[in-house]
Each structure stands twice: as C-alpha cells, then as structure tokens.
Amino acid sequence: MGFTLCSSSELSYPSLEGLRNAQANPVASKSFTRAGGYIKKHYFLSSYSDARKLVISSHLFPGHLEGSFMGKKRQVEPRKKLEFVRTLLIDNYDSYTYNIHQELSVINGVPPVVVRNDELTWKDICCLLYEDGAFDNIVISPGPGSPTCPADIGVCRQLLLECWDVPILGVCLGHQALGYAHGAQIIHASEPIHGRLSEIEHNGCNLFANIPSGRNSRFKVVRYHSLVVDAESLPEELIPIAWTASDDTLSFLETQKFDAIPDAYESERQKANFDSFSAKNGSYWGHVNGTKSRKVVMGIRHATWPHYGVQFHPESVATTYGRQIFKNFREITKDYWLQMSSSFCSDRNIHYTASMQVPHATGLFGAVHRGRQSVKKADFRVNGEACSSGQFMRGANQRNLGFLDMVNILPPSLGAKFLRLKWRKFGHLASEVGGARNIFTELFGKNKAENTFWLDSSSTEKGRARFSFMGGKGGDLWKQLTFRLSEQSDTAGERGHLLIEDTKGFTCSKILEEGFFEYLNKELLSLCHEEKDYEGLPFDFYGGFIGYIGYNLKVECGAASNAHKSTTPDACFFFADNLVVIDHHTNDVYVLSLQEGNTTKTQWLDDTEKKLVSLKGSATRQLHERISKPVANSPHEAGFLSEKSQKQYVSDVEKCLEYIKDGESYELCLTTQFRKFIGEVDPLRLYLHLREKNPAPYASWLNFSKENLCICSSSPERFLRLDRNGILEAKPIKGTIARGTRPEEDERLKLQLQYSEKDQAENLMIVDLLRNDLGRVCEPGTVHVPHLMEVESYATVHTMVSTIRGKKQSNVSAVECVKAAFPGGSMTGAPKLRSMELLDSIESCSRGIYSGSIGFFSYNQTFDLNIVIRTVVIHENEATIGAGGAIVALSDPEKEYEEMVLKTRAPANAVMEF
C-alpha cells in the first residue's frame, strides 16, 4: 500500500444534506471534570461539579439543514472560527486520561468533559452531540485491553462509526478502535513497547503540521502498547499518516543525548524511499538509506471523515511535540466547523468564564476558617428555562460524584471546633540535647512508647527532608481512630467500622456508610483556626491526624473490591494536639500545643520545656549496645518465611508478562510478604536500630498499643505532599539497584541504574500516572516534572526518583487530593484500576499496611504522606515485611525476584541483628 499525502484541504467534507438536527436553539453546556477514580461499577469522581458556575452556550451542532437555515443570512455573514473548542473526552478507564485533560484545558480554552466509555448510552451521546450541540470534537483516550473486546471500549466503536460528521482523535486504544471499527485487524506487536520512545515519520498532514519528521528530527514519542493495527488489513478508507522511523526504540536519556543533533529531518525525508511497502506483523517493511527497516503504523486518518488516530501517547511528559498535535487537532476542528457553516460560529455568544472550571470566588475551602460551608448546586438553564440536556448532565454528575465530590456541608451533629495553637521555639537546641533520637526516647520512650508517633527524617542529605514530628498521648483533644473495612466493603451500604478512643480511655464505635476518607474529610472541615497562630513556623504540620492508610482502602478510591482481608486495621490515626518538631537544618526545636477555644493553659508546654533543658547533660547517652552480627543476604537467612517460594514468585512474574503482552496493563507492581514470629520484644529499640542502619527521609514510628501494632518504617519514598501554598508534590521511586562495596563499583552500579532502559521505562510510566492523578485535582497547566529520573543513594541501594508538582484547585480538599491518587502509582502499576484488579488475582494475601501511606493531615488542610516500603510491621508478636517490584515488558523473571529480595535486606537484617 502506498502512502497518500494530504492536500492543503485535507478533509473531504461530507455533504451538508445528511447532517442531523434541524433545530437551532441555544443550548446549555457545562464542563465538568472528575478528579479520579474509577471502576466500571461505581465510585466515580467529580471535581465539585455542584460548585461549578452556570455555563450557557448558543453554539449549535449541524443537523438536517432546512432551506431557511441555508438562506441569505448565512451567505452574507463573514466566516469566523470558533473562539474555543469544547471536547468530549471518552475515558477508557486509563491512568493517563487526565494528562490529556490538562493539555486540552490549556489548548482549547475550556476544559473537556470527561465521560467513562460505559457511563453514557449511545442515545445520551446523540442527545448531547446533535440535539444540544454540547461539543465540537471528541477525543478517545488510551486504556487497557483491546478494541476487539466490547467491554474495553464501550461506546467508542459506535461513536467512530456513527459520528462521521464530528472531528474525533483516538489515542492508543482509541487509535486501534478507529482501525478496528472500519475493518482493520488488531494483532500483537512484534514486542510490547511500554515507556520507551520511537522516532516518527509522517506524511505532513494537518495533524502533524509544524512537526519535524524522520530520524534525528527530535520528533520522539512515548509508546505504551502491546497491540497494533495490522497495516496489511487497513481498508481503503483508512490512510496511514505516521509510522516508526526505524525498528529501534530509545530510552528517555538516549533521546536527550540525541536532541543535541541538528534538526535534519528534511534531508532525511528526502533520502527515504516510501514507494513500495509490504505489510508483515502489523508493520511496514521498507528501505531507509539502503537498510531494510520495520515500520509500525503510528497514525491513521479516515479518507473522508474528520477522524484521526495516533498509536503513541502525545500527552506523555517525554513525548516531543505532543502539545502541538493537540493544537493541530484544535485547528482541524475549527477549520472543519468553519467549512461546515459560518453561522454556527457567529452565533457563539458564550458566557464562559475561568471560574467555570475552578471557581476562585470565596472558594469551598476558604470555609475551613469559618466552619460550615454551604454549596449551591449548579443548574443548567437556557433563557431562564430548564433544559433537558442540563437535567441529563446533572444526572450524569450525580452518578459520578463518587469520592471526590465529598459533602462539605457539615451535619449539625458534627459541629465546628475553633482551635488555637500555642508554640515555643528553642534555637539550636537539638544538637545540644543529643538529636532527635535522644529527644524522642527521653520524652516519649517510657512505658514501651505506647501510643506514640515519630515522623522521622532520619536521612536529611541533599535536602531530601528537613523536619521530624513526634509526640504521644496528650491533651484534651487527643483521640485514636481505628477503622476496619467490612467484609462487603465494595458493595453499597456499610463501608466499615470505626472505633474512637478519647484521651480518658472512653471508646465509641460507628458504622461508616460513606467510608473512612469521607469521615476524615468531614472531621478536618469541622476544624476552624486562625492563620496568625502558625505564622513564623517553617513547617506545615501544626497538629491534627497522624497515622497510616492501609492498601485495602483502595476500595474507597475506585477499586472494585479487595480479594484479601487485612489482619491489621485498614487505617489508624491519632489526633495529635501536643507535639515536638525538630528542624534538622537549623537544629531548632519547637513545641506545639493545640487547644479548643481561647484558653491560657500552658502546662504541657512548660513541662516539655523543662524536660528538653534537662537533656543537655545527656547528649551522648547510648540506649543500647551496638550489635554486630552477620548480614543476611535474604529474608530467609534472617528467619523469615515467605508467602511464596522463588518458583512461585517467578511464575507470578510470568503471569504479569502475559497480561502485559495482551495489553491488559503497561506495568504491574507485583508484591509478596515475609513473616517471622518474634515474640515479646522492645519494638522501639528495633526501630532505633533500623533507623541507624538504614536512615531514610520519610522514616516513621507508630505504636498503637491497644491494637498490639507497631510500625517501623525506613521509607525513602514520598507519596504526596500538600503545602500551605497549595502545591502538591509526588516523588515516586521506580528503579532500584544494590550499592557497591567499593567506590568504583558503587559508581558503576549507579550509572548502570541511571542508563537502564528497563528502569527508565518503569519510572516514566509511573511519572505519567502521577501526572494524571495530580491532574485530576490541579489547576490546568500547572502539573509539571521539575526532576525526572534522578538517582538517589541510600545506605543499601541506589534508587531512581522523579518529582511531580502541581497547583491544587482551590475548591478541592486535602483528603480529596489523597483519594485522587491513592494508592500510590508506584505500588500499583498502570493503568491503575485494571492493574490493581489483576494484582489482586495474582497475589495470595493482603498487603495490609505495606503499599499504603504513613503521614499527617494537619488541621489547616496540609498533609505529607510516604509510601510504606522498607518497613517492618509488628502485629501480635509477628513481624512482616512486604516487598516487590514493577514488572514491565523488559522484565526478566529471575532478576525481578532478586530485586524483590534486595528490597527486604535492610529491614530483615534489622530484625535479625536486633
């Protein structure tokens, strides 16, 4: 098959006579977004859709054009392009959809409406497109699975066949769906390509306007796919417009190296001969510079309809010219409707403001300072009259409120508490009293350190962490929350049981129908404060909830179910009203006390100050003898029993590779558990030994004595942080290698990790996933990656770390941000929902606290949470350690097992030595 170059008038526009909808009435158009979470049954997300402002549009979509409509007025009016483009974004349950959403929000001038592929019926969509003219184009997202499976693409196939008069762009799975809808075959690629890059050639059509082409052209794209459109089966109506420049793939760092090469794409295109191609295994075989090369179709378009598809991911952080592709599709859409009818554009008098997407007026969470918040639901009205499409869209929103549209109207029984903070600072005191370890053990280490916490920045190298927070059972506001999911927590109704213990030891239990996150959100919203109370403090935790969220709470974040029940509580938190904070940069020590109402009590502050001053003489005190025992190379040598043998784990890796090959996932983070009965031990001394042997920036100690539960974590990974300026930050780790025994070996291993194509692919996939998760709750255009694939070194391993940041929308709460991203993508894989479902079917036990998060939710709506890895959980005299790794197409099963064992070494040795 030869390649057809597009002319300047690329699209053959269909006759106007066949268009639908004879009406020409103004319509209501509302852009709503969902900030996350997804499974095909229920629990969808919405970004406070009921707080959105009214949006009215008089823009019409084409219909059966009558004579009067085609009359004189249309002929004399000057043609005018659309001022903005309204996109219907079909989400195929992917973890990259909101990266597309972020791009389109910036490029189109208004955010797209995100709808699941099975959320609306075909009749609903026809109503929106043709009766109400709600959208100018459609984008079909990537997703797991295959277009040959109806459940994987939902309504997409019918859209591609019936909406011949609406511009459509399909990405990855959407591209394959375009091919399949018109009769092309979907086959396995010669190899799965996930998180790797290819150079692309194209034929210069409008979708690739102003984008170079060919090898060394700097047009490099990220691919996440195992299946391809079979080039040999392409029907005449589908024209290939892009293909791989060669059969080579590149890692991200390789592309950075090649970007220094001058842009010579024009000469490369002239050298290439595309006259004769034969299809083989979904690829074109041709000759470039005299060398036979396999070329995979990377883009197609319909010959006469405004439909396009790209196999690669233009929204990926590592794709070059990705934004230009979306801009080009916007211009294609504008040109299309300009060609169709100028009157559609001249009638667009839209009252469409920025506050439609992110209302900045008082803001929902400005109400935190005032207590209660009343939210008025938006209404869709046209010329003062209710619109049927508006009713439908409101109904769609209600179906998808799920967990992000949490209720911010406090029930009368909850009320509001006005909190006041008192604090004192002791300059340079930490080093004078023996550091954080000595402070904690002397102030909170008595009585087996029962009911204590310590968020311990035990590794502060290179500015990775700065503050440590510690405390115990304290003042009048102290309480403990212990939450357990019910047996049927994935079904409607009862979510779980909450036990609340106050500072006097009194307990009460509640059945939570809406779940733990909803309860926590309401609790935080009930707390009022004055910002002046914490002016001058350099940190973001001033008191509030501190504890952990277990992995199984994924069922409150979009996952369908939990295959395994945790033996530990699914969430445990203290409300900390008294705490000590250490600034490791300045050695300053702060003591904070949180009280309700205006009070003059300072007893805890006074007592703690006396204790700190008395510590000056014990700065060198040692609490236990140093222990020197042989180092174990595996948890088995340390006496741990594994849930699965090496053979079983390797077999599980192979299962993951099969799922990846079939397109069910791009990356699966497989884990297992190791257990050891340890009897009566002093868990605090165990933690002190672990932090000495394996210091980490997000280490932590938690002791919930009533649950006979202690957590000793040396986590190097931040899950998510929200600071007082509204900046969200994630720091996922993907890619791990052991430290060397000699400096030269250590440096070689570090470079080996840095330039590993497999590890870069792992990291890139999770970076794009976290960009997506932040994109659900962040202002459009603010999500960015300041640090990509940097190697950090710890006591036993080198790790590859990236940093993603974004500006939180003003109307989204702290808890909502966590729900949009939990569990951390580095512990699930991508797409997240399908991957968690697959992992539940492979893994043989609950992850429990492992893979969850430890940290704080401050009363002023900031938080900081880690990922629970490199952690010993001691529950009922048994120590457990979880470990795992990301399985990608390039994974070697035996090496994956070795990497998993490596990650257990530090915590397992701490237990064995202790």
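Please read all numbers here as calculations on a predicted model, not as lab measurements.
- With Asp152 contributing its side chain and Ser146 its backbone, the two residues share a donor-acceptor pair below 3.5 Å.
- Nearest heavy atoms, Ile140 versus Cys156: CG2-SG, 3.6 Å.
- With no hydrogens or angles considered, no side-chain donor-acceptor pair links Asp335 and Gln339 at under 3.5 Å.
- At least one donor-acceptor pair closer than 3.5 Å links the side chain of His307 to the backbone N or O of Val166.
- For Val785, the side chain to side chain contact (heavy atoms under 4.5 Å, CB included) partners two or more places apart in sequence, or in a different chain, are Val317, Val767, Arg771, Leu788, Ile804.
- For His225, there are no ring-ring contact (aromatic ring centres under 6.0 Å, His included) partners at least two apart in sequence or on another chain.
- A donor-acceptor pair is defined here as one N or O able to donate and one able to accept, closer than 3.5 Å; such a pair exists between the side chain of Arg330 and the backbone of Ile107.
- The backbone N or O of Glu556 lies less than 3.5 Å from a partner atom in the side chain of Lys819, making a donor-acceptor pair.
- Between His302 and Trp305, the angle of the ring planes stays under 30°, which puts this pair in the parallel group of the 30/60° scheme.
- Not counting sequence neighbours, the partners of Lys807 by the side chain to side chain contact (heavy atoms under 4.5 Å, CB included) test are Ile727, Glu779, Thr782.
- No side-chain donor-acceptor contact under 3.5 Å links Asn117 to the backbone of Asn92.
- In this structure, the separation between OH on Tyr308 and CG on Leu207 is 6.5 Å, given to the nearest 0.5 Å.
- Pairs engaging residues 309-318 under the side chain to side chain donor-acceptor pair (under 3.5 Å) rule: Gln176-Gln311, His313-Glu315, Ser316-Asp768 [sequence neighbours left out].
- The aromatic rings of Phe219 and Tyr321 sit perpendicular to each other, their planes meeting at more than 60°, with 30° as the lower class boundary.
- Counting all heavy atoms, side chain and backbone alike, Leu129 lies closest to Cys163 at CD1-SG, 3.6 Å.
- Of all the heavy atoms in Leu161 and Ala181, the pair that sits closest is CD2-O, 3.2 Å.
- In this structure, CG on Leu764 lies 3.5 Å from OH on Tyr224, to the nearest 0.5 angstrom.
- Donor-acceptor pairing under 3.5 Å is lacking for the side chains of Thr828 and Ser835.
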Next on the checklist: Between Leu159 and Trp122, is the side-chain contact (heavy atoms from CB on, under 4.5 Å) condition met? List the steps.
Outcome noted: CA-CA 8 Å; Leu159 277 172; Trp122 171 240; 3.7 Å; yes
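- Judged purely by atom type and a 3.5 angstrom limit, Thr320 uses its side chain to pair as donor or acceptor with the backbone of Arg218.
- The closest side-chain donor-acceptor pair between Tyr336 and Asp136, if any, does not fall under 3.5 angstrom.
- No donor-acceptor distance shorter than 3.5 angstrom exists from the side chain of Ser105 to the backbone of Val110, with no hydrogens or angles considered.
- Judged by distance alone, with hydrogens and angles left aside, the side-chain atoms of Arg86 form a donor-acceptor pair with the main-chain N or O of Gly133 at under 3.5 Å.
- Under the rule for a side-chain hydrogen bond (donor to acceptor under 3.5 Å, both in side chains), the partners of Glu331 that lie at least two apart in sequence or sit in another chain are Lys81.
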Next on the checklist: Under the criterion side chain to side chain donor-acceptor pair (under 3.5 Å), I'd like the reasoning laid out for Gln324 against Asn328: C-alpha separation, chi angles, the key distance, then a yes or no.
Outcome noted: CA-CA 6 Å; Gln324 185 63 46; Asn328 290 341; 2.9 Å; yes
Item to check | side-chain contact (heavy atoms from CB on, under 4.5 Å) between Val229 and Ile186, intermediate numbers included | outcome: CA-CA 5 Å; Val229 175; Ile186 306 301; 4.0 Å; yes
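- Judged by distance alone, the side chain of Asp773 and the main-chain N or O of Leu770 form no donor-acceptor pair under 3.5 Å.
- Scanning for side chain to side chain contact (heavy atoms under 4.5 Å, CB included) contacts around Pro144 gives Asp94, Pro831, Arg834, with sequence neighbours left out.
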Checklist entry - Is there a side-chain contact (heavy atoms from CB on, under 4.5 Å) between Ser198 and Met298 once you walk through the steps? => result CA-CA 10 Å; Ser198 292; Met298 287 285 110; 5.7 Å; no
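- If you run side-chain contact (heavy atoms from CB on, under 4.5 Å) between Thr333 and each of Thr87, Asn108, Asn137, only Asn137 comes through.
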